[in-house]
Protein chains: 2
Amino acid sequence: MSLRHAVLGLLADRSGSGYDLLRTFQSSLANVWPATQSQLYTELNRLADAGLVAVTAEGPRGRKEYAITDAGRTELHHWLLEVEPERQRRSESLLRVFFLDQVTPEQGRTYLEREGRAAAAAHQGMRELAERIDADPDPLAVYGRLALEWGLRFTRMQQEWAQWAAEQITERGPQPQVRPPGH
Amino acid sequence: MSLRHAVLGLLADRSGSGYDLLRTFQSSLANVWPATQSQLYTELNRLADAGLVAVTAEGPRGRKEYAITDAGRTELHHWLLEVEPERQRRSESLLRVFFLDQVTPEQGRTYLEREGRAAAAAHQGMRELAERIDADPDPLAVYGRLALEWGLRFTRMQQEWAQWAAEQITERGPQPQVRPPGH
DNA sequence: TCACGACATGTCAAGGCTGGAATGTTAGGA
DNA sequence: TCCTAACATTCCAGCCTTGACATGTCGTGA
């Protein structure tokens, strides 16, 4: 759905080939909208068919440089400002929490502690990235920095929540929550 | 992918028909793993084929009551404890933030303020739900309450971040970030 | 008794995503 | 000069998701 707009947004900043875009997706955009190689090339062809981007140059190795068109820019603005974002989220981690009554409290606590550690590790990685960015600010990445800050706050929240949730289980003490296989 | 485990988890708590499950999906589970009717019925048939659930009774109106099997319970436990959760998330809201340099600072601020209000509203809704639950605790929903707390913390974080981000734009002052259509 | 809302399931087309395979070119270092 | 890593694109099968359509039953209140 939004892959189309992600590509448009990238090409609005600067023109590039599918290969160029792919690297951007794998680095900065990977955390908010992952995309695979085949997805990207497919989408570029679709966008070109729709007239939202155009091939402006062909380079060696069959390289095609894409640029956004006026129609593409219009579509991008429309999406940014007038289309209500899809805020619904799917979270496999959280889905599991609903079913934690299927395992022992110890196992549940172990799961939450693992989630907490994963969040802490992600947070640490982002902190290092943030320090690098703040030390050498890239004026083009002002808004990327806002997104990164979101990530920092999110992972911190996640970590604190996991710790709190694990404590909840401990405090309530083991309850008869397990149904062994076989009814 | 995980719809299968969501269904197993629900049936592990209590048996029920597709229709029963559908209502659970639309109420409590909707926030972490939305599913449509056709998806659900398809998945139930697949699970039955795989022997992870079984029809234990047939009622009026063609109602089929499904129950989890031992194999299903084993699979659920395996998934809960031994399969690394998919933590990567897609966020359309955040994707837009990356491209906010395509609009004027005023428009960017407006977008962030709208996001902040949406988060605040979601937070309020969850707070009311939490109050109702805490006033009349359902022992079966202990873990659901943990998930709800996650939602409360998430929406609060989201709201605070949006406010902070909007201020960032204000403080930096309008910068030459707009590229008008037509290069 | 009869209409209607809730109960209940099934099917399908269209489209998107995943992961992999296939194919070939080019620049640069050993 | 030759090899290799990086550059660069295309295609595809299989799967999941979405959204709609189709079909029918049962209980209850007017």
Side-chain angles (χ1 to χ4, degrees), chain A residues 1-8 10-11 15-27 29-30 32-50 52-67 79 84 86 88-92 95, chain B residues 1-8 10-11 15-27 29-30 32-50 52-67 79 83-84 86-92 95:
Chain A
M1 279 293 197
S2 292
L3 176 60
R4 128 164 316 200
H5 299 107
V7 172
L8 281 179
L10 251 30
L11 288 179
S15 301
S17 66
Y19 198 84
D20 292 337
L21 294 177
L22 186 60
R23 276 179 308 182
T24 309
F25 265 96
Q26 284 166 347
S27 56
L29 238 50
V32 301
W33 205 273
T36 62
Q37 180 239 42
S38 32
Q39 230 182 123
L40 245 184
Y41 283 111
T42 305
E43 193 59 48
L44 277 170
N45 283 322
R46 271 204 282 259
L47 283 166
D49 285 347
L52 303 181
V53 306
V55 177
T56 50
E58 308 215 2
R61 283 172 282 213
R63 175 191 173 95
K64 294 189 212 159
E65 184 141 310
Y66 288 93
W79 173 75
E84 197 67 3
E86 178 65 71
Q88 213 169 30
R89 54 192 172 275
R90 255 180 192 144
S91 168
E92 205 189 296
L95 179 62
Chain B
M1 279 289 196
S2 291
L3 175 61
R4 125 164 317 197
H5 298 107
V7 172
L8 281 178
L10 250 30
L11 289 178
S15 301
S17 66
Y19 198 84
D20 293 337
L21 294 177
L22 187 60
R23 275 179 308 180
T24 309
F25 265 97
Q26 283 166 349
S27 57
L29 238 49
V32 301
W33 204 272
T36 62
Q37 180 241 42
S38 37
Q39 228 179 124
L40 245 183
Y41 284 112
T42 306
E43 192 61 46
L44 277 170
N45 284 322
R46 269 206 283 261
L47 283 166
D49 285 346
L52 303 181
V53 305
V55 177
T56 51
E58 308 214 2
R61 282 172 281 212
R63 174 191 172 94
K64 294 187 212 161
E65 182 142 310
Y66 288 93
W79 173 74
V83 178
E84 197 65 7
E86 178 64 69
R87 297 198 184 82
Q88 215 168 26
R89 44 189 58 260
R90 268 190 178 135
S91 167
E92 206 189 295
L95 179 62

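We name chains A, B, ... by the order of the sequence lines, and we start the count at 1 in each one. Remember, predicted model here, so these are calculated numbers, not experimental data.
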Does [X] place a side-chain N or O at less than 4.0 Å from the phosphate oxygens OP1/OP2 of [N]?
X      : N       : value
R63(B) : dA8(C)  : yes
K64(B) : dC7(C)  : no
Y41(B) : dG10(C) : no
R23(A) : dC7(D)  : yes

Is it the case that dT18(C) (base atoms only) and Q39(A) (side chain only) share a donor and an acceptor within less than 3.5 Å, ignoring hydrogens and angles? no
Presence of donor-acceptor pair under 3.5 Å, side chain of T42(A) and base of dG16(C): no
For [X] and [N], give me the distance from atom [atom1] to atom [atom2], rounded to whole Å.
X      : N       : atom1 : atom2 : result
L44(A) : dT10(D) : CG    : C1'   : 12 Å
L21(B) : dG10(C) : CG    : P     : 13 Å
Y19(B) : dG5(C)  : OH    : P     : 13 Å
Q37(A) : dA8(D)  : CD    : C1'   : 9 Å
D20(B) : dA6(C)  : CG    : C1'   : 13 Å
Q26(B) : dA6(C)  : CD    : P     : 13 Å
F25(A) : dA8(D)  : CZ    : P     : 17 Å
E43(B) : dT11(C) : CD    : P     : 15 Å

Among the candidates [options], find the nucleotide nearest to the side-chain atoms of [X].
X      : options                  : value
S38(A) : dT9(D), dT18(C), dT17(D) : dT18(C)
T36(A) : dT9(C), dT18(C), dC12(C) : dT18(C)
R61(B) : dT26(C), dA6(C), dT18(D) : dA6(C)

Derivation of the side-chain contact (heavy atoms from CB on, under 4.5 Å) call for L21(B) and L11(B): CA-CA 8 Å; L21(B) 294 177; L11(B) 289 178; 4.0 Å; yes
Quick one: do R4(A) and E43(A) satisfy salt bridge (Lys or Arg N to Asp or Glu O under 4.0 Å)? Show the steps, please. CA-CA 6 Å; R4(A) 128 164 316 200; E43(A) 193 59 48; 3.5 Å; yes
side-chain contact (heavy atoms from CB on, under 4.5 Å) between L29(A) and L95(B): does it pass, once the steps are laid out? CA-CA 8 Å; L29(A) 238 50; L95(B) 179 62; 4.2 Å; yes
Between the side chain of T56(B) and the main-chain N/O of Y66(B), is any donor-acceptor distance below 3.5 Å? no
Using 4.0 Å as the upper bound for N to carboxylate O, is an ion pair formed by E92(A) and R90(A)? no
Assuming nearest nucleotide by heavy-atom distance, tell me which of N45(B) and R46(A) is located more 5' along DNA chain C. N45(B)
